[in-house]
Student: 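Here it is, the structure in full.
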Amino acid sequence: MTLRLATYSAGGPPAVGLVLEDGSVLDGAAALRASGGDPAPLADMIATIEAWNRVGPVLATAAAAPPAAAVVAKERVRLLAPIPRPRKNVFCVGRNYLDHVAEGDRAAGRETTVPEHAQFFSKPANVVIGPGEWIPNHAAVTKALDYEVELVVVIGRGGADIPRDRAFEHVFGYTIGNDITGRDLQRRHGQWFKGKGLDRSCPMGPWIVPRGDLPEPPDLRISLTVNGETRQDSRTGRMIFDIPAILSVLSAGLTLEPGDLIMTGTPEGVGYAMTPPRLLRPGDRIAAAIEGIGVLENEVR
């Protein structure tokens with residue numbers, strides 16, 4: 001059984017639970033209380049990640065035979081971003097799929113060159129939104145709003161100077177991200193932060209799948225549709241810099257902490273590189289999907 005660890009609201013404050021097959025949610029704190037355990041470690045998602053070795057097995061057992069009193073009906077559930085407010089900026093890797101590098105170079109009229117080193121940037125922590133939440137079109141500041149589906153690595157065990165061969169020991173699990181970008185801002189300012197740091201520009205979710213429930217390394221189909229039309233369709237195994245390389249280089253001289261989020265890059269098919277460009281407009285519905293994880297849906301308004 002694949003665990004789907006979510007932050008949700010049922011009319012009250014955010015809580016942590018497991019999304020069950022029928023869309024209902026096993027309330028994590030209630031499940032721990034039913035087993036005689038202390039629900040305090042499930043105060044929020046980061047606390048849950050830090051206590052996972054203790055609470056994970058209890059939740060997995062409860063999910064296999066959910067206590068009725070701990071189940072929240074699907075109709076009452078609103079899923080939030082798995083980590084609604086990260087401790088620090090969301091780490092991102094740019095130009096990490098060869099075909100995406102090629103389409104970007106083609107759109108810019110330059111020869112394609114493969115990056116020799118991972119290219120890092122970040123998105124502010126306060127721009128993260130959850131599944132079903134709306135993305136502003138930011139018409140006053142950008143005329144070129146675009147999408148990017150990405151596999152997101154969730155750090156479980158902190159550390160610095162992580163060696164490649166131990167990288168997965170630091171991974172808690174995976175979720176889906178959509179790196180919403182103002183392409184004209186990205187070009188105008190000569191760096192990526194401004195164009196990728198707009199309010200509500202980091203949809204994430206719908207939940208976290210723990211590392212042990214997916215293949216390692218994860219070679220998963222990754223795709224995105226706009227209004228039902230497929231725009232991106234690739235596999236995460238086609239990254240130029242794989243997850244061990246990303247964690248090793250990013251953590252060199254920099255301590256990663258539990259709950260840190262790393263967006264690992266997007267494949268080809270982005271709107272600005274199409275002929276003619278096909279950028280986001282109000283009313284567009286975006287569905288970002290990754291095999292084994294799920295679908296993250298948002299609408300532009």
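Residue numbers start at 1 and run along the sequence shown. The model shown is predicted, which means the values in this text are computed figures rather than measured ones. Computed from heavy atoms alone, side chains included, the values below leave out hydrogens, waters and symmetry copies.
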Student: Provide the closest heavy-atom pair for K88 versus A125 in the form atom of the first, atom of the second, distance.
Tutor: O-CB, 3.6 Å
Student: Mark yes when over 12 heavy atoms from residues, nucleotides or ligands other than K74 sit less than 6.0 Å from its NZ; otherwise mark no.
Tutor: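 Counting neighbours around NZ of K74, 12 or fewer heavy atoms of other residues, nucleotides or ligands fall under 6.0 Å, so no.
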Student: Could you check whether D146 pairs with K196 (Lys NZ or Arg NE/NH1/NH2 to Asp/Glu carboxylate O, under 4.0 Å)?
Tutor: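 So D146 does not pair with K196 through a salt bridge.
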Student: Without swapping roles, check the side chain of E150 against the backbone of G265 for a donor-acceptor pair under 3.5 Å.
Tutor: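 Yes.
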Student: Find out if a path of hydrophobic residues (ILVMFWY) with successive side-chain heavy-atom gaps under 4.5 Å connects V127 to V152.
Tutor: no
Student: Which distance, rounded to the nearest 0.5 Å, do you find between the CZ of F120 and the CE of M263?
Tutor: 14.0 Å
Student: Under the side chain to side chain donor-acceptor pair (under 3.5 Å) criterion, do T266 and Q232 qualify, and how do the steps go?
Tutor: CA-CA 9 Å; T266 198; Q232 296 183 276; 2.8 Å; yes
Student: Do V25 and V209 sit in the same hydrophobic cluster, where Ile, Leu, Val, Met, Phe, Trp and Tyr count as joined when their side-chain heavy atoms come under 4.5 Å apart?
Tutor: yes
Student: Does any part of the side chain of V270, heavy atoms only, come nearer than 4.5 Å to the side chain of E148, both counted from C-beta?
Tutor: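 Result yes, sub-4.5 Å side-chain heavy-atom pair found.
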Student: If we ignore hydrogens and angles and just use 3.5 Å, is the side chain of T225 paired with the main-chain N or O of S223 as donor and acceptor?
Tutor: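 Not a single qualifying donor-acceptor pair exists.
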Student: Nearest 0.5 Å please: distance from the CG atom of N298 over to the CG atom of D284.
Tutor: 12.0 Å
Student: Answer yes or no: does atom CD of E111 have more than 12 heavy-atom neighbours from other residues, nucleotides or ligands under 6.0 Å?
Tutor: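 Atom CD in E111 is not crowded, with 12 or fewer foreign heavy atoms closer than 6.0 Å.
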Student: Can you tell me how far CG of L59 sits from CG of D27, rounded to the nearest 0.5 angstrom?
Tutor: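 D27 atom CG to L59 atom CG measures 9.5 Å (nearest 0.5 Å).
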Student: Could you check whether T142 and D184, counting side-chain N and O atoms only, form a donor-acceptor pair closer than 3.5 Å?
Tutor: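 Yes, a side-chain donor-acceptor pair sits under 3.5 Å.
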Student: Is it the case that Y147 and R231 place a side-chain donor and acceptor less than 3.5 Å from each other?
Tutor: yes
Student: Looking at R87 and D260, does any basic side-chain N land under 4.0 Å from a carboxylate oxygen?
Tutor: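 Here R87 does not pair with D260 in a salt bridge, since their nearest N and O are not under 4.0 Å apart.
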Student: Closer than 3.5 angstrom, by distance alone: can the side chain of R285 be matched with the main-chain N or O of E297 as a donor-acceptor pair?
Tutor: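 Checked: no pair found.
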Student: Could you tell me whether E216 atom CD has more than 12 heavy atoms of other residues or ligands within 6.0 Å of it?
Tutor: yes
Student: Could you check whether any side-chain N or O of D105 sits under 3.5 Å from a backbone N or O of A102, counting only pairs where one atom can act as donor and the other as acceptor?
Tutor: no
Student: Consider side chain to side chain contact (heavy atoms under 4.5 Å, CB included). Of I162, T264, V153, which one does I246 pass it with?
Tutor: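 That would be T264.
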Student: Applying the side chain to side chain contact (heavy atoms under 4.5 Å, CB included) criterion to W207, which one of L5, T175, I293, T7 satisfies it?
Tutor: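 Option passing the side chain to side chain contact (heavy atoms under 4.5 Å, CB included) with W207: I293.
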Student: Check this for me: does any side-chain nitrogen of one of R238 and D219 sit under 4.0 Å from a carboxylate oxygen of the other?
Tutor: no
Student: How many angstroms lie between atom CZ of F121 and atom CZ of R95, to the nearest 0.5 angstrom?
Tutor: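 Atom-to-atom, F121:CZ and R95:CZ are 12.0 Å apart.
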